[in-house]
Amino acid sequence: MRRMLILAGVLVVLVGAWFFEQQKQKSIIASEPVDTWSVDPDRVTSLHIRKPDGESVQLVRSLGTWKLQQPVEYPANEQVVTATLRTLETLELEDIVSTNPDNQGTFQVDSTGTQVVVKAGDEALLSVVVGKNSPDFSHTYVRRTDGDQVYRAVGVLSYNFNKRVDDWRDKTIVKVDQENVARITLEFPKEKSSAVLARTDSTWTV
């Protein structure tokens, strides 16, 4: 019985702490749109991401092509990089939830957040810490690295930046210009047969 009471007491404390944190995250200091961060994707030449676990990813654009530079050198997935930059093209900050540095850990916009630096050459276009999602799962807490204001930004941003290194890599095996393909041969060794697809003008036949 005593053990059950202790467990019940611990549960009450945990629930109370969780409720307190939820209420703390919901507190608003300044409501209505307070700012908009805009980054022109066409100007961006590098993207630096440092995740909470210490892993760093650096992507660089050279001659119009994106590639991973850290932690490995490898061609980058252009679509993934472009989609990530699009999230920063117009980032609406709905309200300010805190200006107290002591509260940054609550929103994971301190060392427990993801640091993102977007550059055009040596110029930093944007340097922010992307924190956790808000309780409504439709906003993300963010903070400029040189400021104390914690904003509630529209959208789920953490997904775009907390990717594995492998997710940034271009996994294309081979690139083929479809317009130049006129004949395809399929071999089936097990069945000891083959099939040929040939194109005449715009019509394919077997």
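Numbering of residues begins at 1 and proceeds along the displayed sequence.
Looking at heavy atoms from C-beta onward, Trp37 lies out of side-chain contact with Val39 at the 4.5 angstrom threshold. Annotation: side chain of Arg50 is not in contact with side chain of Val116 (no heavy-atom distance under 4.5 Å). Trp168 has its side chain within reach of Ile49: a pair of non-hydrogen atoms, C-beta onward, lies under 4.5 Å apart. The side-chain heavy atoms of Lys132 and Val109, taken from C-beta on, include no pair separated by under 4.5 Å. In this structure the side chain of Leu125 reaches within 4.5 angstrom of the side chain of Val44, judged on heavy atoms. With contacts defined as side-chain heavy-atom distances shorter than 4.5 Å, the pair Leu93/Thr36 does not qualify. Within the 4.5 Å cutoff, the side chain of Leu157 has heavy atoms near those of the Val142 side chain.
Among all heavy-atom pairs drawn from Pro52 and Gly113, the shortest one is CG-O, 3.5 Å. Minimum heavy-atom separation, Ala120 to Arg43: CB-O, 3.3 Å. The minimum heavy-atom distance linking Gly131 with Ser158 is given by the pair O-CB, 4.1 Å.
Note that the CG atom of Leu59 and the OG atom of Ser46 stand 9.0 Å from one another [nearest 0.5 Å]. Distance CD/Gln149 to CZ/Arg143: 9.5 Å, rounded to 0.5 Å. Rounding to the nearest 0.5 angstrom, the gap separating the CD atom in Glu89 from the OG atom in Ser38 is 8.0 Å. Taking OH from Tyr151 and CZ from Arg144, the interatomic distance works out to 7.0 Å, rounded to the nearest 0.5 Å. The CG atom of Leu88 lies 8.0 Å from the CG atom of Asn160; values are rounded to the nearest 0.5 Å. Atom OG in Ser98 sits 5.5 Å away from atom CZ in Phe107 (nearest 0.5 Å).
Taking the charged nitrogens against the carboxylate oxygens, Asp136 and Arg152 do have a contact shorter than 4.0 Å, which makes a salt bridge.
A side-chain donor-acceptor contact under 3.5 Å links Thr45 to the backbone of Gly121. With Thr140 contributing its side chain and Ala153 its backbone, the two residues share no donor-acceptor pair below 3.5 Å. The main-chain N or O of Gln115 is never found under 3.5 Å from a side-chain atom of Lys51 such that the two would form a donor-acceptor pair. Side chain of Arg61 to backbone of Leu47: no donor-acceptor contact under 3.5 angstrom is found. Side-chain N or O atoms of Lys119 include none that pairs as donor or acceptor with a backbone N or O of Leu126 at under 3.5 Å. Between the side chain of Thr82 and the main chain of Gln79, no donor-acceptor pair closer than 3.5 Å is present. Judged by distance alone, the side chain of Asn77 and the main-chain N or O of Val80 form a donor-acceptor pair under 3.5 Å.
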- [ ] Could you walk me through whether Thr114 and Asn162 pass side chain to side chain donor-acceptor pair (under 3.5 Å), step by step?
- [x] CA-CA 7 Å; Thr114 301; Asn162 291 333; 2.4 Å; yes
TODO: Verify side-chain contact (heavy atoms from CB on, under 4.5 Å) between Val129 and Thr145, making sure each step is shown before the conclusion.
DONE: CA-CA 6 Å; Val129 181; Thr145 54; 3.8 Å; yes
Task: Stepwise salt bridge (charged side-chain N to carboxylate O under 4.0 Å, His left out) test for Glu55 and Arg164 - done: CA-CA 9 Å; Glu55 181 180 70; Arg164 302 172 304 162; over 6 Å; no
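In summary, the side chains of Thr112 and Asp110 do present a donor paired with an acceptor at a separation below 3.5 Å, with no hydrogens or angles considered.
In Glu123, the CD atom is crowded: over 12 heavy atoms of neighbouring residues, nucleotides or ligands sit closer than 6.0 Å. For Asp122, the CG atom sits in a loose shell: 12 or fewer heavy atoms of surrounding residues, nucleotides or ligands are nearer than 6.0 Å.
Not a single side chain to side chain contact (heavy atoms under 4.5 Å, CB included) links Ser111 to another residue, sequence neighbours left out.
No continuous path of ILVMFWY side-chain contacts below 4.5 Å connects Phe161 to Val154, so the two sit in separate hydrophobic clusters. Linking ILVMFWY side-chain heavy atoms closer than 4.5 Å, directly or via other members, places Val128 and Val117 in two distinct hydrophobic clusters.
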Please list every donor-acceptor pair under 3.5 Å in which a side-chain atom of residues 62-76 meets a protein atom from a residue at least two apart or in another chain.
{"unit_1": "Gln69", "atom_1": "OE1", "unit_2": "Gln58", "atom_2": "NE2", "d": "2.9"}
{"unit_1": "Tyr74", "atom_1": "OH", "unit_2": "Arg169", "atom_2": "NH2", "d": "3.4"}

